[in-house]
Student: 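My questions all concern the structure below.
Throughout, protein chains are lettered first and strands after them, A, B, ... in sequence-line order, and every chain is numbered starting at 1. Hydrogens, waters and symmetry mates play no part in the numbers below; they use all other heavy atoms, side chains included. Since the structure is predicted, the reported quantities are computational estimates derived from the model, not experimental observations.
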Protein chains: 2
Amino acid sequence: MAGNSSTPGATVTSRALALLGAFDEHHRRLTLTELADRAGLPMPTAHRLVGELVAWGALARNTSGEYAVGWRLWDIGLLAPVQTGLREVASPYLHDLYGATLATVHLAVRDGTDVLYVDRLAGHASVPVVSSVGSRLPMHATGVGKVLLAHAPLEVQHAVLADLSRITPYTITQPGLLRRQLAKVLRDGYASTTEEMSLGACSLAVPIRRGPDVVAALGMVLPSLKDRARLVGALQVAARGIGRSLG
Amino acid sequence: MAGNSSTPGATVTSRALALLGAFDEHHRRLTLTELADRAGLPMPTAHRLVGELVAWGALARNTSGEYAVGWRLWDIGLLAPVQTGLREVASPYLHDLYGATLATVHLAVRDGTDVLYVDRLAGHASVPVVSSVGSRLPMHATGVGKVLLAHAPLEVQHAVLADLSRITPYTITQPGLLRRQLAKVLRDGYASTTEEMSLGACSLAVPIRRGPDVVAALGMVLPSLKDRARLVGALQVAARGIGRSLG
DNA sequence: CGACGCGCTTCCGTTCAGTGGAAGACTGGG
DNA sequence: CCCAGTCTTCCACTGAACGGAAGCGCGTCG
């Protein structure tokens, strides 16, 4: 992981944020040593900063001395989605879609160069699904990711195309091929993946527009892409409905 | 509000956190000037810190130049409740309780000297309910708050008792009276309020225990406290179930 | 049309908060 | 008992953070 490469010249704020960023789905509880290591800080520095974060409620220390994310961060974080209204508006459409298709349905936005899963309805299908609400995945290997990437600013596209990590044998790692696919996504109005993120899982996704801007993507995970026309149609109807409700 | 009392001696971290803390339910979008004012910082300082927070994704700047909480904070914040498992475990019990009583049902934890509402099922009853998921209320004027306060460390009790703000004419503002009520809460195993937070709304609440520790509170809002025995019973059954499921 | 007010951004010399190596405390295990 | 690992405290040096002041861009009013 990060290793302790105590970058000098980093601001205090960036260091405090690095400590918060040390937590993720797979690292929900960390010791001070792990925190210092993952944030690339010397221990005394990490110790002091973590102390401040705990005092404020951004982090919490449990009885066994480990640190975890605190409630204060949770309730402030809640303001992010509420303020766009996206989740609330999309919720009924996700349920409708699920009812009509019985597939796992996803709502995602782009944040930086990641896809961020904002909401999800899990089908009981036997398809492996790696995403969960709040998780981040690379854009080049997911349906919603390709949709959001196709509509992203050029600088973001360049950054993503420059680093296409392999996840399965079918993951697209050639910039040229992905670029052509993105063009096709713009033409067709939807994106698809075939086992690029997870073996045995395919996906379809369409953009959600608020006026002319693509603000999110709607996707589903499937065992295969047969019946694609009907499913894309259903996705587009829902996406248009959500976009309209967003005003 | 805060006013600009540029407290010298404050650490950089505490200032950055103060900027995050400037956002709440009623202030989801703020201009730089408002942020600087609410955090008590001079504008140039706020400007620099906000820039760093935006670069990291803790805040986002929308097209009209205002700032809002960013997705990055949302997804890290999600790790707080997930890591305790409280919401997931309690969810079915909340639904059962709602089904059995048709009252607005609440799940809350203590964070510092506030009650933090972690989950909620809103009844369509005509009772005014001021809480929502993620909101913070004072402990002395809510049912769940009294429960959590009664089981809180002494230092927390002292801090709360020292500052009993009046919210309605029925809010308890005398430390002695509240202290006696808290003792009764410990004896009886439940707390109640009568229009102390909001006119026309009463409440009942019970503690949720994980082993010997009180980790949360379960409450309901009602138009009156008649039938209290049955309702407290239902709450206690649910609370015990949740506690057991928490392991 | 120019002057003004307002919110935001940049500049830069001063200074004090932050730094991190080193040493000390605590804990558990062999 | 000692040692290894983790956490906490200390403190003298230093460069990052500070914030007053000045500059910018824009809409508004006289």
Student: Quick one, A:L30 and A:E66 - any side-chain contact, counting heavy atoms below 4.5 Å?
Tutor: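 When only atoms from C-beta onward are counted, A:E66 and A:L30 do not touch, as no gap falls below 4.5 Å.
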Student: Quick one: B:M43 CE to C:dT10 P, roughly how many Å, whole number?
Tutor: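 Taking atom P of C:dT10 as the reference, CE of B:M43 is at 12 Å.
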Student: Whole Å only: how far is the CD atom of A:E34 from the P atom of D:dG5?
Tutor: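 Value for this atom pair: 15 Å.
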Student: State whether a side-chain donor-acceptor pair under 3.5 Å links A:E52 with B:S14.
Tutor: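 Looking only at side-chain atoms, B:S14 and A:E52 do not form any donor-acceptor pair under 3.5 Å.
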Student: Who are the side chain to side chain donor-acceptor pair (under 3.5 Å) partners of B:D213, not counting sequence neighbours?
Tutor: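 Per chain and number, B:D213 pairs via side chain to side chain donor-acceptor pair (under 3.5 Å) with no residue.
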Student: Hey, where does DNA chain D pair up into stems, meaning at least three consecutive Watson-Crick or G-U pairs with distances under 3.5 Å?
Tutor: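 Only these stems qualify: C:1-30 with D:1-30.
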Student: Residues two or more places apart in sequence or in another chain: which of them pass salt bridge (Lys or Arg N to Asp or Glu O under 4.0 Å) with A:R136?
Tutor: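 If we apply the salt bridge (Lys or Arg N to Asp or Glu O under 4.0 Å) test to A:R136, skipping adjacent residues, the hits are A:D111, A:D114, B:D75.
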Student: Tabulate protein N/O versus nucleotide N/O from nucleotides 25-29 of chain D, keeping only pairs under 3.5 Å, one per line.
Tutor:
none

Student: How many whole angstroms separate atom OH of A:Y67 from atom P of D:dT6?
Tutor: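 So the OH-P distance, A:Y67 to D:dT6, works out to 14 Å.
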Student: For B:E25, what residues pass the salt bridge (Lys or Arg N to Asp or Glu O under 4.0 Å) criterion, not counting sequence neighbours?
Tutor: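 Testing B:E25 for salt bridge (Lys or Arg N to Asp or Glu O under 4.0 Å), a comparison that skips the adjacent residues, returns none.
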Student: D:dA17 C1' sits how many Å from B:L41 CG, rounded?
Tutor: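 After rounding, the gap between these two atoms is 12 Å.
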Student: Give the rounded distance in Å between these two atoms: CG of A:L32 and P of C:dC26.
Tutor: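 That distance rounds to 17 Å.
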Student: Nearest whole angstrom, please: distance from the P of C:dG7 to the CZ of B:R29.
Tutor: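 Checked: the CZ to P distance equals 18 Å.
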Student: Just to verify, what does A:E88 make a salt bridge (Lys or Arg N to Asp or Glu O under 4.0 Å) with, not counting sequence neighbours?
Tutor: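 Partners of A:E88 by the salt bridge (Lys or Arg N to Asp or Glu O under 4.0 Å) criterion come out as none, since no residue qualifies.
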Student: Can you check the B:L30 CG to C:dG7 C1' distance for me, whole Å?
Tutor: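 It is 15 Å, rounded to the nearest whole Å.
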Student: In residues 240-247 of chain B, what donor-acceptor pairs under 3.5 Å come from side-chain atoms, sequence neighbours left out?
Tutor:
unit_1: B:S245; atom_1: OG; unit_2: B:Y93; atom_2: OH; d: 3.3
unit_1: B:S245; atom_1: OG; unit_2: B:G241; atom_2: O; d: 2.9

Student: From the list C:dT19, D:dT6, D:dC18, which nucleotide is the closest neighbour of the side chain of B:R15?
Tutor: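 Nearest nucleotide to the side chain: D:dC18.
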Student: Mind checking what makes salt bridge (Lys or Arg N to Asp or Glu O under 4.0 Å) contact with B:D188, not counting sequence neighbours?
Tutor: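 Scan of B:D188 (salt bridge (Lys or Arg N to Asp or Glu O under 4.0 Å), adjacent residues dropped) gives B:K184.
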Student: Could you check A:V12 against A:T31 and say which one's nearest nucleotide on DNA chain D is further toward the 5' end?
Tutor: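 The 5'-side residue here is A:T31.
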Student: Residues two or more places apart in sequence or in another chain: which of them pass side chain to side chain contact (heavy atoms under 4.5 Å, CB included) with B:P175?
Tutor: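 Applying side chain to side chain contact (heavy atoms under 4.5 Å, CB included) to B:P175 gives B:L161, B:L164.
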Student: Can you list the residues that meet the side chain to side chain contact (heavy atoms under 4.5 Å, CB included) rule with B:H158, with sequence neighbours excluded?
Tutor: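 Testing B:H158 for side chain to side chain contact (heavy atoms under 4.5 Å, CB included), a comparison that skips the adjacent residues, returns B:L154, B:R179.
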Student: Heavy atoms within less than 4.0 Å of DNA chain C: which residues of residues 44-55 of chain B have one? Give them sorted by number.
Tutor: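 By residue number: B:P44, B:H47.
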Student: How would you list, by chain and number, every residue that makes a ring-ring contact (aromatic ring centres under 6.0 Å, His included) with A:Y117, sequence neighbours excluded?
Tutor: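 Listed in chain order: A:H106.
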